[in-house]
Amino acid sequence: MTETTGGDLGIDPLIVTGPALALLCGGLLGLRLVPLVSRILERATTRRPGFAAAVGVRQVSRRPARYSGPALLLTMAVAIGALSLATSATWRQSQDDQARHLTGADLRVATGQGDTGDGFSALPGVTALTPVHRVRASMGGDVDLLAADAARLPEVMLLRPDLSDLPLATLASRLAGDGTTLPVVVTDDLAKERTLTIGASPVPVRVVGTVRAMPGTPAGASAVLADLTALRAVTKAPAKATEWWLAASGHNTSAAAAALAKQGASVTEVAALSRQLRDDPLAGGLRGALVLGFVAALAFAVLGFLVNAAVSARERRSEFALLGALGVGFRQMLGLLAVEQSFVIGLSLVGGTLLAAAVALAVVPSIVLTGQATAVTPPVVLDIPWPGIAALALGVGAVLLAVIFGLARSLHRRGPGSVLRSGEDR
């Protein structure tokens, strides 16, 4: 969305029309490949024995315009379907990434000052845990200060690898205290700061690493991460745990969350937050529109392919009748039609998939937004589900090949006699 001159939120027309126009332009450009590819295939097949391949490719090469319409429809249908799958997969992955980032760990439990974590380690499925001291501080501005057991951070914290130039284990190892200066990992905007003020006490810090966004903090927040033991040593304050971060086997927190809910604990769970984000009506509306667009495009494409194949066969009844009279059997007839139409099918499937991948790369990360139509944190990473797209292409190809088989049987059953005698009395 975008802000209008009146200050209200409105739909950005480029976001709505951009993908459709990109697909249409790409499909039209792809049509220029039909004559070129057909000529290349014709040269290749004329040097090899085989009736169906030589005649079929020759037909396409002589009349490329006849196949352009079905090729465009099929290309657009496959491209819309593949783009729909890529958008849905990217949106789901982004929602999972947002949930993991906001939670910071598989499970986050708010505690009162001075609570211990003895009972948390016994929760079902919990494999690691760390106390976390969270407090608002100042470092060139208000920041979120997180102090945790650095030795446990690699097992507990959910830091997406692309948010830091260094692995989490390396960052954690650098947080060990070595004197009066507190080693910290900060968000990029705080990299040049050298003093952290906690309450009214300034603490000299040494930045040992940066992240683009700090797990466990709100989107866009400036944050500082330190070792809890080092923080206590430098500040001479207890810095008691305000929450506990827990890691679960296989990231399955359902049993531990249920046990904590019975105890009345305040819990933030990745799975629950992810489900909440997926219920966003903006995401559902976009996915629904893409699915409806794909179904409509596929229906028109299959209908257009069927009509084109039937009309082409009707116009060439005399040709097929003559071939039948010369002894061309059903298998050869089927092979001839299959070669002709498979050229359209294959070119459309490949072209549609490549077109969808190009448009997805350029557009999808920009249209995946939060429920408030703002950029998400962490940034969107494009997810193209190639197995799903391959299954889609195989399904479309199977439907169209079934159409070709039915058409070949229809032509074979008519027999050549009636067609060859149709004009003998004229």
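Here, residue 1 is the first one in the sequence, and each next residue gets the next number.
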Trace of the side-chain contact (heavy atoms from CB on, under 4.5 Å) decision for His251 with Arg100 = CA-CA 10 Å; His251 302 292; Arg100 290 162 64 90; 4.1 Å; yes
message = Is there a side-chain contact between Pro183 and Arg174 in this structure, where contact means two heavy atoms from C-beta onward sitting under 4.5 Å apart?
response = no
message = When you compare the side chain of Ser164 with that of Leu159, does any pair of heavy atoms fall below 4.5 Å?
response = yes
inquiry  = Can a donor-acceptor pair be found, under 3.5 Å and without considering hydrogens, that links the side chain of Thr353 to the backbone of Leu349?
reply    = yes
Nearest-0.5 Å distance that lies between atom OG in Ser173 and atom CG in Asp227 = 11.5 Å
key: Derivation and outcome, side-chain contact (heavy atoms from CB on, under 4.5 Å), residues Val207 and Lys192   = CA-CA 8 Å; Val207 176; Lys192 297 181 179 180; over 6 Å; no
note = Smallest heavy-atom separation, Ala256 atom then Leu123 atom, equals CB-CB, 4.2 Å
query = Looking only at atom types and distance, does a side-chain atom of Ser222 sit under 3.5 Å from a main-chain N or O of Leu190, one as donor and one as acceptor?
reply = no
request  = Compare all side-chain heavy atoms of Val109 with those of Phe120 and state whether any distance is below 4.5 angstrom.
outcome  = yes
inquiry  = If I compare all heavy atoms of Ala172 with all of Ala150, which pair ends up nearest, and what's the gap?
reply    = CB-O, 3.4 Å
request  = Compare every heavy atom of Ala356 with every heavy atom of Ala79, then report the nearest pair and how far apart it is.
outcome  = O-CB, 3.4 Å
query = Closest approach of Gly220 and Thr377, non-hydrogen atoms and distance?
reply = N-OG1, 4.1 Å
ask   = Shortest non-hydrogen contact from Trp245 to Ala105?
value = CB-CB, 3.8 Å
inquiry  = Checking Gln93 against Trp91: is there a side-chain donor and acceptor pair closer than 3.5 Å?
reply    = no
query = Are Thr111 and Trp244 close enough that some pair of their side-chain heavy atoms sits under 4.5 Å apart?
reply = yes
ask   = Would Met214 and Asp144 satisfy side-chain contact (heavy atoms from CB on, under 4.5 Å), going step by step from the backbone distance to the final call?
value = CA-CA 9 Å; Met214 187 70 70; Asp144 287 327; over 6 Å; no
inquiry  = Any non-hydrogen side-chain atom of Leu355 less than 4.5 Å from a side-chain atom of Val78?
reply    = no
request  = Can you establish whether the number of heavy atoms outside Arg152 located under 6.0 Å from its atom CZ is more than 12?
outcome  = no
message = Any side-chain to backbone donor/acceptor pair from Thr90 onto Asp383? Under 3.5 Å, distance only.
response = yes
Glu269 versus Thr253, side-chain donor and acceptor atoms under 3.5 Å = yes
ask   = Taking C-beta and beyond as the side chain, do Pro379 and Leu163 meet within less than 4.5 Å on heavy atoms?
value = yes
query = Okay, side chain of Thr130, backbone of Asp149: is any donor-acceptor separation there less than 3.5 Å?
reply = yes
task = Would you sort out whether Val186 and Leu225 count as a side-chain contact (heavy atoms from CB on, under 4.5 Å), showing the intermediate values?
result = CA-CA 6 Å; Val186 300; Leu225 176 66; over 6 Å; no
inquiry  = Looking at Asp97 and Pro378, would you say the former's side chain and the latter's main chain have a donor-acceptor pair under 3.5 Å?
reply    = no
Minimum heavy-atom distance Leu277-Ala99, with the two atoms named = CD1-N, 3.9 Å
Leu145 and its side chain to side chain contact (heavy atoms under 4.5 Å, CB included) partner, picked from Thr217, Ile198, Val184 = Ile198
query = How many angstroms lie between OG1 in Thr87 and CG in Leu382, if you round to the nearest 0.5 Å?
reply = 8.5 Å
key: Residue pair Asp106 / Asn252, side-chain heavy-atom distance below 4.5 Å   = no
inquiry  = Let me confirm one number: the CD1-CG distance from Ile389 to Leu394, rounded to the nearest 0.5 Å.
reply    = 12.0 Å
task = Compare all side-chain heavy atoms of Val143 with those of Leu196 and state whether any distance is below 4.5 angstrom.
result = yes
query = What's the spacing between Leu175 CG and Leu153 CG if we round to 0.5 Å?
reply = 7.0 Å
request  = May I ask you to decide if Thr103's main-chain N or O and Arg108's side chain share a donor-acceptor pair within less than 3.5 Å?
outcome  = yes
remark   = Taken to the nearest 0.5 Å, the spacing of Gln276 CD from Gln98 CD works out to 11.0 Å
task = Could you tell me whether the side chain of Ser274 and the main chain of Val270 form a donor-acceptor pair under 3.5 Å?
result = no
query = Could you state the interatomic distance from CZ (Arg275) to CD (Gln95), rounded to the nearest 0.5 Å?
reply = 13.0 Å
task = From the options Asp188, Asp162, Asp165, Thr187, select the one residue that forms a side-chain hydrogen bond (donor to acceptor under 3.5 Å, both in side chains) with Arg212.
result = Asp165
